[in-house]
Amino acid sequence: MMRLEDLAFAPVVLPLLGAAMAFCAKAFLKGRATRILEYAGAAVGLGLPWISFAATFQAVMAGEVLQGVVGGWYGGVGVLYRFDGLAWLVNVLGYSVAIASWVYSLGAGPRGPTFTAVFLIQTAALAATAMTADLFNLFVCLEVMGIASYVLVASSDKPGALLASFSYLMVSATAMVFFLLGVYGFYRLTGSLSYVGISEALRTLPDSGGTAALVSLALVTAAVAVRVAVMPLYGWLPDAHALAPHAISAVLSGVLIKTPLFALSRVLLILPAGSLAGEMMGYSGAVTALAGVILALSQKDAKKLLAYHSISQIGYVVCAWGAAIAAGMATETGRIMMAAAFLHAFYHALFKGLLFLTVGTTTDCAGQRDVHRLRGAARLLRSWGGERIPLTLVGFSIGALAISAVPPFNGFASKTALSEAMKGSWQYGLLFVAGIGTATSFIKLSRIYWPAGKGVVGRPRDAATVDVAGYPRDTTTRATVLLAEGWLALLCVAGGIAASPIFAVVYRLLSENGTADAVSLGLYSWPNLLKTTLTLAGGALLFFGVVSGPGSAALKRIRERSLSFHGLFVSFAFGTAFLTWWLLYGFRFLR
Amino acid sequence: MTERLLLLSLFLVGFCGVLANKNIIKKIFGLTLINNAVVILFVLEGARVGQHAPIMEEGIETIVDPIPQALMLTAIVIGVCITALALALAFRLYRNTGTFNIDAIRRKVHDAS
């Protein structure tokens, strides 16, 4: 009889098995057999874990926590894991987008067993990150996830992607060294590595470990914040996400920046002073939401615009997440904020994945990524892409409406839940303004589909597509591409329509003991609809401001601000120092 | 105390390398240095409680704390992977742009796109 505790490992072990199958396919087989084994590996790695989610759903819904020590070692030596509602939710988020991205990659590249294997390793790492309850194991999981993603970003062989991957690697590996220093601090103070062990030992120390514990906490938090890409640690993200292959961009933006965040919430919720660190993260999230939108508005590269929007949207998530941690999960406001944060993270993964895939398909088909120059892409998709039914266009429209929070799509539900939860705080105002900016920049982006005037810029019919190995040379949209887009579009619509029951499930799963009272999400109230109308009207007005002379000159200046490699490290050092100062002295200013 | 000061200076040298050196190979060296500084710090911490390697034989009594050593083996492996990958990326950047200077690479990549 298989125990549920064993099933909880399926999302980690099965993708690794799939990766091994894909590597074997590359090493030992030739021709058709390679592909069959590779696809079988992907099916094992991305498909079978769903059985485990289905099997464990009832248990985690009832508030049961599947936990123990990996490999049956005794506590204190072994690695603790904890598969609860949070881990379940983060896994479902990750796997929904991962499947779509992998299917998309079959049509649009990168292809091959090596890619599949690395992709599966990354998926395994994110599942492991979601369920670890041990600080050193968190370090290992984050590093494995990171290494897989550096490889995947670099897998489009453009020099820009190589540089982006290199910068991402350097800044995040350096941050992980600081994380390790934080682990050292905690180990020295407490002699323990599991979250529970550290927290219990710290509480017996005078002043909860004092300065040393706070500095260690700041180091750990700041290192994870680099992965989450909140201000001011976002610098590596735009290039990495914009220059990676489209399928990878979808996973990076949709999943990889959120998994570390929710893994960090386990640490912050249990350690003393964790709520202070969460509070600071929440403030920087609110600033990130607005700053990300302003930067996004100034971009002219279609995928870079989307990448900056990922920063902005993760800002929304972090804002509510930080407020939830500051309030604590024992309070109802805290639980509602955390549920809203997760709901937005989940829905953002779906619609941003969809946007990256559809915009990627469009720009590949047109051979042009500049949003100021590309026009008439709807026609190009029909004539060159061979799309009788304009599925890519429909998918883009759904994604753009969702991110601009238009009902009934999923973005409306999650943004409304978020702003309901944050109502009355100063962050609420920032998020509202960021919402207007989001609407504006998607009006700007959707212009690529508008009918072309005389200034149509596309690529001559016979010119080669992006001349990179593994990319299709013809511009026909493949069936797998449409399938992936269709799946995500479907989830976006379904998530919007069924938002209330989904929110109730998320709320229940995140409430620790499962005894939480039910909550309802009042979505379609008059104030909410009025707010949406206001946001859209503001967005349209702002759009005219942006395309005017002074507006575009100001944005050009923002776009061409100088970015340097060492700036990434300076901002990391500055951010860490600031967080340390905040934990030691700064928070007193607000009390 | 001396050991810790030496490790701090090793760490700072490495961090300066990552931050200020223009050559990407030397940046990777810097990353390795800071990683190693933290690894040695951990091992040093484990050695506070004893002198001998944790291999239980006749006459061995005061052993060092084995957990930091086990952890650091893992950290060293990860560090090697990162270094190898970073060097591979540096090589491909060199092949594409003909230079190891980060500013020159940035300029060339920017001009190409």
Side-chain angles (χ1 to χ4, degrees), chain A residues 76-77 134-137 139-140 142-144 146-148 150-151 153-154 157-174 176-185 187-188 191-193 239 242-243 301 304 369-370 560 562-570 572-573, chain B residues 11 14-16 18-22 24 27-28 30-39 41-46 48-49 65-68 70-72 74-75 77-79 81-97 101-103 105-106 108-113:
Chain A
V77 174
D134 179 286
L135 207 53
F136 189 76
N137 195 36
F139 166 79
V140 175
L142 286 174
E143 286 282 35
V144 174
I147 291 174
Y150 316 142
V151 174
V153 170
D157 209 3
K158 291 171 277 188
L162 292 176
L163 180 61
S165 171
F166 183 76
S167 312
Y168 176 23
L169 183 152
M170 287 305 280
V171 71
S172 110
T174 309
M176 288 318 283
V177 174
F178 282 86
F179 186 98
L180 205 54
L181 261 178
V183 176
Y184 166 80
Y187 185 75
R188 189 186 148 88
S192 179
L193 288 167
D239 281 343
L243 297 170
D301 180 302
K304 220 172 237 184
R369 291 169 59 150
D370 189 331
E560 289 169 0
S562 73
L563 289 165
S564 64
F565 184 80
H566 70 261
L568 298 174
F569 295 90
V570 173
F572 172 67
Chain B
F11 188 91
F15 195 67
C16 283
V18 173
L19 196 64
N21 211 305
K22 297 283 179 213
I24 55 176
K27 278 184 191 295
I28 299 171
L31 182 62
T32 316
L33 280 181
I34 57 172
N35 198 23
N36 287 355
V38 176
V39 166
L41 184 66
F42 255 96
V43 174
L44 185 69
E45 174 62 27
R48 279 199 313 174
V49 295
D65 182 359
I67 290 182
L71 300 182
M72 286 309 107
T74 318
V77 171
I78 291 174
C81 294
I82 299 263
T83 311
L85 182 59
L87 286 172
L89 287 173
F91 169 67
R92 276 168 62 180
L93 278 172
Y94 182 78
R95 219 171 40 184
N96 272 298
T97 60
N101 183 311
I102 187 75
D103 292 335
I105 292 176
R106 249 198 130 75
K108 285 192 180 170
V109 167
H110 190 77
D111 293 343
S113 61

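Every chain is numbered from 1 and lettered A, B, ... according to where its sequence line falls, protein lines coming before strand lines. Just the heavy atoms: all of them, side chains too, but no hydrogens, waters or symmetry mates, feed the values below.
Proximity of A:L162 to B:I105: side-chain heavy atoms (C-beta onward) are nowhere separated by under 4.5 Å. By the 4.5 Å heavy-atom criterion applied to side chains, A:F139 and B:T74 are not counted as neighbours.
Of the two parts of A:F569, the backbone and the side chain both hold a non-hydrogen atom closer than 4.5 Å to a non-hydrogen atom of chain B. Contacts between A:V183 and chain B at a heavy-atom distance below 4.5 Å involve backbone atoms as well as side-chain atoms. Interface remark: A:L193 contributes side-chain atoms only to the contact with chain B (heavy atom separation under 4.5 Å). For B:R48, the part sitting under 4.5 Å from any heavy atom of chain A is the side chain, from C-beta outward, and nothing else.
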Could you go through B:N35 and A:T174, starting from their C-alpha distance and side-chain angles, then the distance that decides it, and tell me whether this counts as side chain to side chain contact (heavy atoms under 4.5 Å, CB included)? CA-CA 8 Å; B:N35 198 23; A:T174 309; over 6 Å; no

Should B:I82 and A:E143 be marked as a side chain to side chain contact (heavy atoms under 4.5 Å, CB included) after you check the CA-CA gap, both sets of side-chain angles, and the distance that decides it? CA-CA 9 Å; B:I82 299 263; A:E143 286 282 35; 3.6 Å; yes

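Closest non-hydrogen pair, A:M170 versus B:I28, comes out as CE-N, 4.0 Å. Listed here is the closest heavy atom pair of B:L93 and A:L163: CD2-N, 3.7 Å. The two residues A:L180 and B:F42 make their nearest non-hydrogen contact at O-CE1, 3.5 Å.
When each of B:L31, B:T97, B:D103, B:D65 is checked for heavy-atom pairs under 4.5 Å with chain A, B:L31 comes out on top. Contact count versus chain A (heavy atoms, under 4.5 Å) is highest, among B:L19, B:L89, B:L71, for B:L71. Ranked by heavy-atom pairs under 4.5 Å with chain A, the list B:P68, B:A37, B:G14 is led by B:P68.
Atom CD1 of B:I102 is separated from atom NE2 of A:H566 by 11.0 Å, given to the nearest 0.5 angstrom. With rounding to the nearest 0.5 angstrom, the CD1 atom of A:I147 is 7.0 Å from the CG atom of B:L85. Atom OG of A:S167 sits about 9.5 Å away from atom NZ of B:K27, to the nearest 0.5 Å.
B:E45 and A:Y187 share no side-chain donor-acceptor pair at under 3.5 Å.
Side-chain atoms of B:R92 come within 3.5 Å of backbone N or O of A:A154 as a donor-acceptor pair.
Separation of the A:F178 and B:F15 ring centroids falls under the 6.0 Å cut-off.
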